[in-house]
Protein chains: 2
Amino acid sequence: MPPSSTVENYLKEVYLGVGRLPAGATLLPMGQLASALGVAPGTATTMVKALAESGLVDYEPYNGVRLTAAGTRLAATVLRRHRLVELFLVQVMGMRWDEVHDDAEHLEHVVSDRLIDRIDEMLGHPETDPHGDPIPGKEGTIRERHFETLLTCPVGTRVVVARVSDQDPVFLRFVERHGLKPGQVVSVEARDEVADAVQLRGADDATFTLGARAASKLLVDVTPEAAAAATPSSARDAAPRR
Amino acid sequence: MPPSSTVENYLKEVYLGVGRLPAGATLLPMGQLASALGVAPGTATTMVKALAESGLVDYEPYNGVRLTAAGTRLAATVLRRHRLVELFLVQVMGMRWDEVHDDAEHLEHVVSDRLIDRIDEMLGHPETDPHGDPIPGKEGTIRERHFETLLTCPVGTRVVVARVSDQDPVFLRFVERHGLKPGQVVSVEARDEVADAVQLRGADDATFTLGARAASKLLVDVTPEAAAAATPSSARDAAPRR
DNA sequence: ACAGTGATTTTGACTACTCAAAAATACAAG
DNA sequence: CTTGTATTTTTGAGTAGTCAAAATCACTGT
C-alpha cells in the first residue's frame, strides 16, 4: 500500500509550510495547510488526524501539525521527485523554468524509483532545481542552507541569487527579465523601510526597484565566496549551481 | 472536468479489447473488460453504464461495450501518450523495452499536452512505439495496419516482425534473445498444426521453435517491400520503423 | 421444451476524499 | 472576567470507485 497522491501532497505541504514558519515556530497551523492544499479547513483536520494515526505527522489539536521522522522521509522523496523532474524538464526537455511546475506537480506522484534514478544520473546528481530549491538525497536527506533575502541582506553589497521561492509563472518571468535567476549577481543599492521597497542594480548595470513582498521571495547568498564564484561579468542566463 | 485516470483506463481497455475480438465481433464482453482492468465484473458493469451515460461508449446489456466516436478519440489520446512515453523512455532515457510499460501506464494519465508534444517532436513524430504499436495522431486518428502473425503467415517466406502484442517483460526478453524485435527478419520454416508449434530461422541462421500461443503474439509484415527494406544482414538490434 | 452452466447485473456495503455549515475553542481587548 | 473574533473541529452529507455475494439472464445440450 504505497501512499496515495493525496497523502504525498499533505506531507509535502506540511514540510514546505513548516519551512515558511516564523523563526522558532515548528507547528504549522491547520488553516495554512488547508489553504496551501486548496481544501476546506475541516478536510485538512480530518486528513491530518488520519496521518497522525499512521505515524507520519504529530498533530496537536488547535495548535497545528509537524512531520515525524517517517513523514519527513516521505516528504523528502516527494520533493526529490518534484525537483528532479522540474530540472529534467528544463535541462533535457527544453521547457522554460516558469512552465514546469504544473507538470512536476503531477509527475512527482507517478515516476518510479528506476526512472527518477535515471533522471538523477542523467543530470549528474544535481543539488538544486531551476528555482534554487535543494534536491533531497536518495535516502530522504535534505540539506537546507539558510539564506538572507533581498529584504534582509546588508545594503551596498553584491549578492548572488540562490533561490526564488514562488512558482507563479508571471513572477518567474519577471525575475528572469531582471536577471535575478539563481546564480546571477545583483547589488543592493538602498532599502527604504517606509516605502517598503528595495533599490537594486543588476548585472547589466540598470537599476530597478522591488517591493518588500517580491524582495522577500528572492533568497540570496551574501558570502564573498559566492560572489567570487558567480558568473563574473555578463551573467544573463545563469544556471543553478552544482 | 477532465476524465479521471479510471475513465481513461476503461476507454483504453475497451479499445484494446475490441481490437482483440475475433473477426466480425465489435462488442467487448464485460467479463473480458473486467479482467483486463483487474476489477470485479460488477464494477465494470457499473462503470460502463456511467460511461454510456456520458456518451463515451455504447453499452448493450448482456452483450458488451464498444466505443463511440467521442470515446475512440479519448482512447486514442491516452494510447498516444502511453506509446510516446514508452518510446521516449527507451530512446531518450535509455531504458530497456521490457521495463517501460509500467511507468508508461502511470505517466499516460498525467503528462500535459505541452510535454507530450515536446516528446513527439523530440522523437521526430514517430509512427510506432518500441513494440511496434502504432502511435495515434495528435487529433485522435489511429491508423491500424493489418498484419499476419507467425501462426497465420505463409510458410517458407522471410517476414519482418512488425509488432509484439504482449507486454510481459519475460516474454519481451525472450523475443529479444531470439532476434524477434520489430524490424527484425525471420523465416518461417515449418508449421505443425498437431504439435501446435512453428519452426523458425532467425537472422543468425539458428532455428528454434515457438508454441502457437507465443507465435500468435508476433505480428509480421509479409509484403516483399518490407523484407527488402528491412535491415539486410546482421540485424541484431533493430529499432521500430519510422 | 427445459434444466444446467456460465456470464452478467443488481444489491448492499465499504474506503478515501471532499464540502458546507454548525459547534467548540483559543485568545486578545476591554 | 467577559465578550468578540478568528481559527479549528465536528457533523452530516456527497462523489468516485471498489468488492462480495445474490439474483438474473442467455445459451447449450438433450
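Residue numbers start from 1 in every chain, and the chains themselves are labelled A, B, ... in the order their sequence lines are given, proteins ahead of strands. Just so we're clear, the structure is a prediction, and the values are computed from it rather than from any experiment.
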Note, B/V14 side chain near B/L33 side chain (heavy atom, < 4.5 Å):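 Yes, side chains in contact.
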Would a 4.5 Å heavy-atom cut-off, applied to side chains only, mark A/V220 and A/F147 as touching?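 Answer no - side chains too far apart.
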Starting the side chain at C-beta, find the nucleotide from D/dG17, C/dT9, C/dC17 nearest to B/M30. C/dT9
Options D/dT9, C/dT10, C/dT8, nucleotide nearest the side-chain atoms of B/P29: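 Taking heavy atoms from C-beta onward, the closest nucleotide is C/dT8.
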In terms of side-chain heavy atoms, does A/D129 have a donor or acceptor partner in A/H82 at a distance below 3.5 Å?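 No, no side-chain donor-acceptor pair sits under 3.5 Å.
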Between [N] atom [atom2] and [X] atom [atom1], what is the distance in whole Å?
X     : N      : atom1 : atom2 : answer
A/L33 : C/dC17 : CG    : P     : 14 Å
B/K49 : C/dT11 : NZ    : P     : 8 Å
A/E53 : C/dT15 : CD    : C1'   : 16 Å
B/E60 : C/dA7  : CD    : P     : 19 Å

So which one's nearest nucleotide on DNA chain C is more toward 5', A/S4 or B/G64?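 So the residue in question is B/G64.
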With a 4.0 Å cut-off on N to O distance, would you call A/K138 and A/D120 a salt bridge?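 Salt bridge absent between A/K138 and A/D120.
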Whether A/R145 and A/E127 form a salt bridge (side-chain N of Lys/Arg under 4.0 Å from carboxylate O of Asp/Glu) is what I want to check.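 Between A/R145 and A/E127 there is no salt bridge, as every charged N stays at least 4.0 Å from the carboxylate O atoms.
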Pairing residues for B/R173 by the side-chain contact (heavy atoms from CB on, under 4.5 Å) criterion, not counting sequence neighbours: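 Expected list: B/R96, B/D98, B/P169, B/V170, B/R177.
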If you restrict it to nitrogen or oxygen atoms, what contacts under 3.5 Å exist between nucleotides 22-28 of chain D and the protein, and what is each distance?
from: D/dC25; atom 1: O4'; to: B/Y62; atom 2: OH; distance (Å): 3.4

Counting neighbours of NE2 on B/H106 that are heavy atoms of other residues, nucleotides or ligands and sit closer than 6.0 Å, is the number greater than 12? no
Identify each atom pair where a protein N or O and an N or O of nucleotides 18-21 of chain D are less than 3.5 Å apart, giving names and distance.
from: D/dT18; atom 1: OP2; to: B/Y10; atom 2: OH; distance (Å): 3.2
from: D/dC19; atom 1: OP2; to: B/A40; atom 2: N; distance (Å): 2.8
from: D/dC19; atom 1: OP2; to: B/T43; atom 2: OG1; distance (Å): 2.6

Test applied, salt bridge (charged side-chain N to carboxylate O under 4.0 Å, His left out); reference residue, A/R81; option that passes from A/E8, A/E105, A/E108, A/E86: A/E8
